[in-house]
Amino acid sequence: MSNENGNWCLIESDPGVFTELIHNMGVSDVQVEELYSLDSETLRSLEPVYGLIFLFKWQGGSAAPPDSKTSGRSGALVDNGDVFFAQQIIQNACATQAILSILLNRAEDIELGETLTNFRSFAADFPPEMRGLALTNCDQIREVHNSFVRPESFLSDFDDEKRPAGEDDDLFHFISYVPVNGRLYELDGLKQGPVDHGASANWLEDVGAVIQQRMSEYSEGEIRFNLMALIGDRRKLLSEQISTVDADISRLMAMLDRLRLNDCTSPETSQEAQTVETQINSLNSERATLEHRVEIENDKFARYKLDNSLRKHNFIPFVYQLLNGMADKGILSPAIEKAQEKAADAHQSQQSL
Amino acid sequence: MSSSGQGASEREAAFPAGRLFRVGGSNVVRADARLGVMTIRRAGDGGVQAWWRAADMAGDGELCGEYAGGDCAVERVRQAAGGRVHVLRPSRRTAGASHVFFWLQGAAGDDGAVIRSVDRVVAAGQGVRRLLAGLRGLREALPVRLGDVVTPEAVAPVLADARLAAALAGALPPGVAPAAAVRSPQFRQALAALSHVLEGGQAGAALAAQLGLDPRAGSSVVAFLRAIEQRRAAEDGDDQEMH
């Protein structure tokens, strides 16, 4: 049995998976968000943005991944001590590796936790290829990665013959974009080193163009793109913003009380009180918006939790019980026949093509 | 007594004949001297039946042999002197299917025609059988996807049963309702993977064995589902043998 994936399993490229993956590796206050737009307004609304992950997906069987030496015409390959760059050794680890490329380069802005901090120091002086190997061999990281194995893998207990990669399998490639010391870098594990896209005062303004340029190198049919951002924990940020608003509201309420207490009759006081009231209303409205955003995040995380628990769940007992229930109710036979009809119809229409 | 030709058609051949029976468990067959009428008949589902009655009785008499799907053939028994002893036997070794030995009692010159008339009935039965098997075979042979069997609509009656639904909830992560699970993409993926495992090889057999089923139940999705059905029916306590 070929072991080219060195015991790293294929995991789903899903923001819920990645968010929990990062958290389970010991990182605090970071989440992964899927992006549907590259405009700077969208990106700014998600600040702090630590890095972007650009995911290429080739539909199985179609064009092979382009030669990484020739793709990505802009930017220069550098050998830079500033940037923590690791070469990609294992295909199945590419998503985790792309995430780590960002995290390990933002150590000053992010609470990495013990595992990643140790890994960073351990691999700090290694050349890129050795860093890649070190990552591959890091049991703690690999175990967290593998805990998100795709649902069908629970059947691998029974699967003596590993399913060979076939036409249905998609090929993935991940590239990270991260700012380090005022310059924008592209980290592609299949290249020899980081690619420098130049100095950037505000990288969120510049990264859009760089990625668009990259996308334009491919024809539409052969490839699909996904974009994800590693950002600061939204709920933490929102709760800080709510605290600030609450403090402002309290201050203004106190001011209002004083105004009313002092002089109810003078027009100036009355005018001032009205202004303060208006400000309070506006802050309340802002607070409501922030609360609403917190709810959206809570819902999203509840969904992530549900999806992740279902991903890891062994459905065999459930299916078996369900089938027994169907048999008890006498509805299994009709369901089988219906499915057979469907298969026969599909077969017929295929034959007549 | 009717000679060959009467009743001869693709559905039925009736002719004068007597029976022979095996002696004990041996290979020896001994003739029963009674005169009688053998009727070889094809049923609607392609099966073939052999009936015998004594010459002085009315009706069909007794059923001596039955071959599902018409899976039978008639042959002359070479070891018998005189060449008038024949046997109707199953085409393949099938448990419970019997050999029907008979000796022709009509005019010797008609023997050829009699046997041809029996052949016609048997062959017609096989023609139908092949046709039916072709249709059934195709449907049974095409792989079926578990996802097409276990649809949300199909399982609704099970989920509506409070007792069954409670048990199902126990097989899910905490806080997940069976109805939600059945619609989840993760469940759909699991069904697809399970279908793949069941459509062949050691993996399917191992899975079936793990669930306490015959390993052959893991040879296809349909085999798996039928095995579950059969075991459930057996567990019900009804011991009715189905013909």
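Keep in mind that the numbers below use all heavy atoms, side chains included, and drop hydrogens, waters and symmetry copies. A note on names: the letters A, B, ... follow the listed sequences, proteins ahead of strands, and every chain is numbered from 1. Just so it is clear, the structure is predicted and the values come from calculations on it, not from any experiment.
- For the atom pair A:Leu323 CG and B:Glu229 CD, the distance stands at 10.0 Å (nearest 0.5 Å).
- Once rounded to the nearest 0.5 Å, the distance linking CZ of A:Phe315 with CG of B:Leu191 reads 8.5 Å.
- Most heavy-atom pairs under 4.5 Å with chain A, from the set B:Ala171, B:Ala180, B:Ala192, B:Gly147: that is B:Ala171.
- For the pair A:Lys338/B:Glu153, no side-chain contact is recorded, criterion being any heavy-atom separation below 4.5 Å from C-beta on.
- Across every non-hydrogen atom of A:Ala344 and B:Leu142, the tightest pair is CA-CD1, 3.5 Å.
- For A:Leu322, the parts lying under 4.5 angstrom from a heavy atom of chain B are both the backbone and the side chain.
- A:Met326 and B:Val149 make their closest contact through CE-O, 3.8 Å (heavy atoms, listed as atom of the first residue, atom of the second, distance).
- Among all heavy-atom pairs drawn from A:Gly325 and B:Val158, the shortest one is C-CG2, 3.7 Å.
- For a residue to count as touching a neighbouring chain, one of its non-hydrogen atoms must lie under 4.5 Å from one of that chain's; by this rule A:Leu306 touches chain B with the side chain only.
- Within a 6.0 Å sphere centred on NZ of A:Lys342, heavy atoms belonging to other residues, nucleotides or ligands number 12 at most.
- There is no contact between B:Ala169 and chain A, counting heavy-atom distances below 4.5 Å.
- The number of heavy-atom neighbours closer than 6.0 Å to CZ of B:Arg183, taken from other residues, nucleotides and ligands shown, is 12 or below.
- Taken from CG in B:Leu207 to OH in A:Tyr320, the straight-line distance is 10.5 Å, to the nearest 0.5 Å.
- Residue-environment remark: CZ (B:Arg145) stays at or below the threshold of 12 foreign heavy atoms within 6.0 Å.
- Within a 6.0 Å sphere centred on CE of A:Met215, heavy atoms belonging to other residues, nucleotides or ligands number more than 12.
- The most heavy-atom pairs under 4.5 Å with chain B, out of A:Ala335, A:Gly330, A:Pro317, A:Ala346, come from A:Ala335.
- Across every non-hydrogen atom of A:Arg311 and B:Gln186, the tightest pair is N-CG, 3.8 Å.
- Counting all heavy atoms, side chain and backbone alike, A:Ile331 lies closest to B:Pro157 at CD1-CG, 3.7 Å.
- Ranking B:Leu172, B:Leu164, B:Val155, B:Val176 against chain A, the residue ahead of the rest is B:Leu172, based on heavy-atom pairs under 4.5 Å.
- Contact count versus chain A (heavy atoms, under 4.5 Å) is highest, among B:Leu159, B:Leu225, B:Val182, for B:Leu225.
- One finds a salt bridge joining B:Arg232 and A:Asp328 here, because a Lys/Arg side-chain nitrogen approaches an Asp/Glu carboxylate oxygen to under 4.0 Å.
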